[in-house]
Structures are given as structure tokens and as C-alpha cells.
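One structure is given below, encoded as C-alpha cells.
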Amino acid sequence: MITTVRTRYAPSPTGFMHVGNLRTAIYEYLIAKSNGGSFILRIEDTDQTRQVEGAVEVIYDTLKIAGLNHDEGPDIGGAYGPYIQSHRKTGYLEYAKQLVDKGAAYYCFCDKERLEELHRDGKEGISKYDRHCLRLSKEEIKAKLESGAPFVIRQLIPEGKTTFKDEVFGEITVDNKELEDQVLIKSDGLPTYNFANVVDDHLMEITHVVRGTEYLSSTPKYNLLYEAFGWEIPVYIHVTAVTNESGEKISKRKGAESIQQLVEKGYIPEAIVNYTTLLGWAPPDNREIFSLSELCDIFTLKGLSKSPSVFDYQKLKWMNGEYLKKMDFDEYYKLAEPVLKQSIKTAGIDLRHIGELCKTRIEFIRQIPSIIDFIDELPDYDIEMYTNKKMKTTSENSLDALKLLTDFLSAQEDFTNDAIYADTVKLAEEKGLKSSQLLWPLRTALSGKQATPCGASELCALLGKTESLRRLEIGIAKLESAQVEK
RNA sequence: GGCUCGUUGGUCAAGCGGUUAAGACGUAGGCCUCUCACGCCUGAAACAGGGGUUCGAUUCCCCUACGAGUCACCA
């Protein structure tokens, strides 16, 4: 029998998606796509008290940013709709009643007060529903229902043990004594998440249920439900949590950032997806840089980790730089151009070239201004920078060098990088100097910075003759006034 | 507290009874170079602890410690 793999990402619309959420979605997507299956989006909004404005849009937006295109969902439809749980409420009660008829569930009329009391009296923190309403006779139930008394429907957990198989954790057995008769249908008539989930997964023919390990302990109850209905149990894949440096599961409350915020901070979506996938999953080989479609080709359940992973910004930052380096130049330039335009007002500068120089030296586009800000305006710098042991320069010989260079550059006609470099080296040779003894002071005078995106000769070409000479003059003045002070 | 799960360098992680215990980020040092960066090379750094099983345990079993999850008419 050939069954198509169907996975679903089933978030509740809280208006926030962090890397933990994203990672679950990625794995669902990859499991489906690596098997030629379908990836479905379903919104789990059965809690009417927690509706958040615009929350569903955040989910659409995030999936789109990440490139996780779903095959079915509220916004695009599909053969198994509707894809918003609150829109499909009609069926749940009927299914719950089926369970009542089968003896796998029962009506409960206990009010909040009684339940609270029950919890309060519970010993040692263990408090299960006491099956008070299970004792009700058929007639009593009928009478209460007819009188319009509010009710819930609870799952009747049978005696024994329940075993289920998870693809990452293996077989897990739990004594049913640990399981509570959980509510299936709430008094507002809506299903609980736990019930809606089972019914919808079955109705939507979901083959692989992927979710966080927080559901590991309720999985036996799901299995009991599937068994009571006589439905086929899906493949379970429980994925571990993503934590912060302190080992706490990341959450909005703990200061996690949303995917949208990460993108706003300059992280490239592909890098976020790449890094997030590797957080809790290891590829069969040693590669680390993967596109989403490459991941589809090589993804296997085998690489999923059993222990939680700490989210490491440092490594994500590195990966972001890697993506920037390998990015197609035009695509990169589209991102860099606005930043370049803003930080360079000087006319006649080839921005594309500057962009090119920056490309391999940054991890974020926003780092560009700080490495090129000297172009518009020479920053005030410390003359200590002229002294460099390795370059064999001191403030004294730098002064001589700058004077020499002023004469030399004034006379220089070919103001291209190659020509200036070659001629400067030649000049140094003639004067019995190391080329660095000219080039180092030159770079310093032109940029006033410890680090520049290119060498001294290229700086000359970049700034032009007039500006270069002007900056040399400033350098000379700085060095001379320092000598006078001595 | 009960139950369930987990524990390889600072972090992500490979390993699936016999290895000098991979690799990556970070870190230290070096090389290259007109600076920085890129790139390249090298180094430091780990099997939580204790018992078994076995000729042999990071790998299998048990106990302890630590951590996580869960115990709602929330998802």
C-alpha cells in the first residue's frame, strides 16, 4: 500500500513565532517533502479566550519568509478543509458522543468549584479527576442534559498500560494510572486541543505527527483515543526543545526573539532556516551549509537529537556571514545599496566596488557603515597609529614618508590602484625603504582607521588625488605638532 | 512529589562493543598580505559519577547525581 506522507504544522495563533516553533515547522516540511508528501497548515484556535489580533498573519508571514510553502491551509484551501479549527467545530461533539456510546468517554457535570476543591485536597500534588460523574446512571445523565445543565465530556482511561512508539525516542510505556480522564469537549461546546488534534489529524489523513516533547507525556491518551475510534495511529516524531544559554526552553516570556525580529536585525532568512535545522538535527555528512531544497534531498529522521539544544547566536552570526559571502553579487547589492548610499555622500565613488570590498568582511549588512565611514570624512585619529613595529614605522619616519608621498602623489598621473601600488613600491626601493614604511603611513593618513576594506594604494584611487593630498597634509600637520610638543 | 525523557569539549554535534573519540562555532597561536578581514595551517578543550555484562565499554544493563517535560474545561 502506498500512502502519501502528510504532515501538518498546527500552531495556536499566539501572534509570535520563535526559532523553536520554526524548527518544528521545518521538520514537518522536510519530512513531507523528502518523501514527496504534503505539508499542511492548520490553525488550532479552540481556546476562544486567547484570541490575538493578526496572529494568523504572523504565521503566514513567517512561513513565507522561511520558504516553507504549505500545500494546504486556511489561506489557500485544500481538500480537507476548513483549516481553522474553530471553523470545523460541528463534528467534534458527534465524535465525542461516539466515544460515549462505545464506553470510552462519559459526561461530566462537575462545576469549577468542585474541581478546584478536588485539586486542593489532592495529596502531594497528584490530583486526578475522581470520576464522580462516572457513577451517574443513564437516567440521571439524561435528566441533567435535558435540564440544560452545562457539561463536559471526559475520556475514560481504561486500566492497564499503554505503549507507543516514537521515531526519535523509541518505545515508551506508561501505566494508565498516571493518566487523567481528560476533558474532550469543553462546556462551551468546543473540543480541547487534545481532542481536536486527534480528530483532525485523522480526518486530514496526517501520517506523521511532529510536535514538541512537551506532548510526549500526553501521547498515551492520544493513542487510547485512536484505539477507541479504531483509527490508524500515525507515526509520532517528538522533537526536543530549543533553549537559551541557561537551558530554559525559549519562549516569548523568556525574551526569545521572533523570526521576524531576527530578520529585522539583519539575519538572512536562509541562514536562519539553515542554522535552525541544524539545531537538533545532524546531516549524514559533515556539511553545514544547506539550502532548503538540499535539505529536502538529504533529510532523514535518523539525525534528530534526543536532547535539547542551546540556541547560539554566535554560530548563527557566523552562518549569516557565510551566506553573505556566497550570495550572488546582484542579490547582495540589492541589500547593500541603500546602506552604501546612506553612508557615502561623496560624489564619484563607485558604490558597487565599495560594496564588493565589504562583502567578505561583514556578518551583517548593517556593519557596512562602520567600515566605510572614513570615505566621506576623515575621522580624528591618534598618531600612535603611525607606530607599527611589524611595518617598521614610527611617528618620525612616518612624517618623512608622508612628505615624500605628497611630492610623489602630486606628480602621479595614473591614479589607479595598480599604478600607485607599483610606483610606490618602486619609490620605496629607490629610497632604501621597505614598501610598508610608505604604505602603512599612507593608509593611516588616508583613513585614520586601524582597519580598512582595502590597501593604501586602493584608498588613493578611491579618494582621488585632491582628497588624498588633503588628508596627507592633515597627517603631516598632526605629526609635526606632536614633534613640537616633544 | 509521581511519571516520562535526557546527559560526548563553552556551544552545535558525529559515534551506534575494539577509534590517536570526527567536524563546526567560539577561543589561542601561526602563515599569507600595503592594514584589517577573507583564506590556509596548528593548538588547547569532552564521553556526569559509581557499579555490573563482556576478552574489551562513550556505546548494553542497573543505581546515583544533575537537567528537562508533564501532571488544566491552555495549546
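We name chains A, B, ... by the order of the sequence lines, and we start the count at 1 in each one.
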Does OP1 or OP2 of G6(B) have a side-chain N or O of T240(A) closer than 4.0 Å? no
With sugar-phosphate meaning primed atoms plus P, OP1 and OP2, does S307(A) contact a base, only sugar-phosphate, or nothing at under 4.0 Å between heavy atoms? sugar-phosphate
Verify the neighbour count for atom CZ of R253(A): are there more than 12 heavy atoms of other residues, nucleotides or ligands below 6.0 Å? no
At under 4.0 Å between heavy atoms, what does C454(A) touch on the DNA or RNA strands: base, sugar-phosphate, or nothing? base
Between G18(B) and U54(B), how far is it from one C1' atom to the other, in whole Å? 12 Å
Please classify the nucleic acid contact of Y275(A) as base, sugar-phosphate, or nothing, using heavy-atom distances under 4.0 Å. nothing
Determine the contact category for K434(A): base if any of its heavy atoms lies under 4.0 Å from a base atom, sugar-phosphate if only primed atoms, P, OP1 or OP2 are that close, otherwise nothing. nothing
Considering only the C1' atoms, how many Å lie between U7(B) and A46(B), rounded to the nearest integer? 12 Å
What string of B, S and - do you get for nucleotides 19-31 of chain B, 5' to 3', if B is base contact, S is sugar-phosphate-only contact and - is no contact with any protein heavy atom under 4.0 Å? ---BSBSS-----
Please measure how far the C1' atom in U70(B) lies from the corresponding atom in A14(B), and state the result in whole Å. 31 Å
Euclidean distance for P, G43(B) against G50(B) (whole angstrom): 30 Å
What ring-ring contact (aromatic ring centres under 6.0 Å, His included) pairs are there with at least one residue in residues 355-392 of chain A, not counting sequence neighbours? Y267(A)-F364(A), Y381(A)-Y386(A)
If you measure from the P atom in C5(B) to the same atom in G9(B), how many Å do you get, rounded? 22 Å
Specify the residues of residues 376-385 of chain A, ordered by number, for which at least one heavy atom lies under 4.0 angstrom from an atom of RNA chain B. none
Using atom OH of Y313(A) as one end and atom P of U11(B) as the other, report the distance to the nearest whole Å. 18 Å
Find which nucleotide of RNA chain B each of L216(A) and W281(A) is nearest to by heavy atoms, and output the residue with the more 5' nucleotide. L216(A)
Comparing E171(A) and S218(A) on RNA chain B - which has the more 5′ nearest nucleotide: E171(A)
Does anything in residues 177-186 of chain A come within less than 4.0 Å of RNA chain B? Heavy atoms only, and list the residues if so. E178(A), E180(A), V183(A), K186(A)
Would you classify C110(A) as touching base, sugar-phosphate or nothing, given that sugar-phosphate means primed atoms plus P, OP1 and OP2, and contacts are heavy atoms under 4.0 Å? base
Would one find a side-chain N or O of Y421(A) under 4.0 angstrom from OP1 or OP2 of C34(B)? yes
Distance in angstrom units between F169(A) CZ and U70(B) P, rounded: 13 Å
S187(A) (side chain) and C73(B) (base): donor-acceptor pair under 3.5 Å: yes
Is a donor-acceptor pair below 3.5 Å formed from side chain K221(A) to base U70(B), judging by atom type as modelled? no
So, is S447(A) near the phosphate of U35(B), with a side-chain N or O under 4.0 Å from OP1 or OP2? no
Sugar-phosphate only, base, or nothing, as touched by A282(A) at under 4.0 Å among non-hydrogen atoms: sugar-phosphate
Could you check if a side-chain atom of R8(A) sits within less than 4.5 angstrom of a side-chain atom of E28(A), using non-hydrogen atoms only? yes
Nearest of A37(B), C73(B), C16(B) to any side-chain atom of R154(A)? C73(B)
Distance test, side-chain N/O of K128(A) to OP1/OP2 of C3(B), below 4.0 Å: no
Looking at the side chain of S217(A), which of G69(B), A13(B), U35(B) is the nearest nucleotide? G69(B)
E159(A) and K161(A) ion-paired at < 4.0 Å: no
Please work out whether the ring planes of Y60(A) and H70(A) are parallel, tilted or perpendicular, with thresholds of 30° and 60°. parallel
Can you tell me how far P of U59(B) sits from NZ of K306(A), to the nearest Å? 13 Å
Within residues 10-25 of chain A, those residues having any heavy atom closer than 4.0 Å to RNA chain B are S12(A)
Parsed dot-bracket for RNA chain B after applying the Watson-Crick and G-U rules with both distances under 3.5 Å and | for other-strand partners is ((((((((.[[[..)..(....]]].(((((.......)))))....[[[[[..)....]]]]])))))))....
Check whether NZ of the Lys or CZ of the Arg K326(A) lies under 6.0 Å from the centre of the six-membered ring of Y323(A) and within 45 degrees of that ring's axis. yes
Going through the checks in order, is the side chain to side chain donor-acceptor pair (under 3.5 Å) test met by Y236(A) and N223(A)? CA-CA 10 Å; Y236(A) 292 117; N223(A) 258 25; 2.7 Å; yes
Once you apply a heavy-atom cut-off of 4.0 Å, does T46(A) come out as touching a base, just sugar-phosphate, or nothing? sugar-phosphate
Listed nucleotide nearest any side-chain atom of V310(A), set C34(B), C38(B), U11(B): U11(B)
Any non-hydrogen side-chain atom of Q85(A) less than 4.5 Å from a side-chain atom of D200(A)? yes
Categorize M319(A) for me: base, sugar-phosphate, or nothing, with a 4.0 angstrom heavy-atom threshold over every strand shown. nothing
Would you find a donor on one side and an acceptor on the other, under 3.5 Å apart, between the side chain of N21(A) and the backbone of H18(A)? yes
Is S436(A) touching bases, backbone alone, or none of the nucleic acid, heavy atoms closer than 4.0 Å? nothing
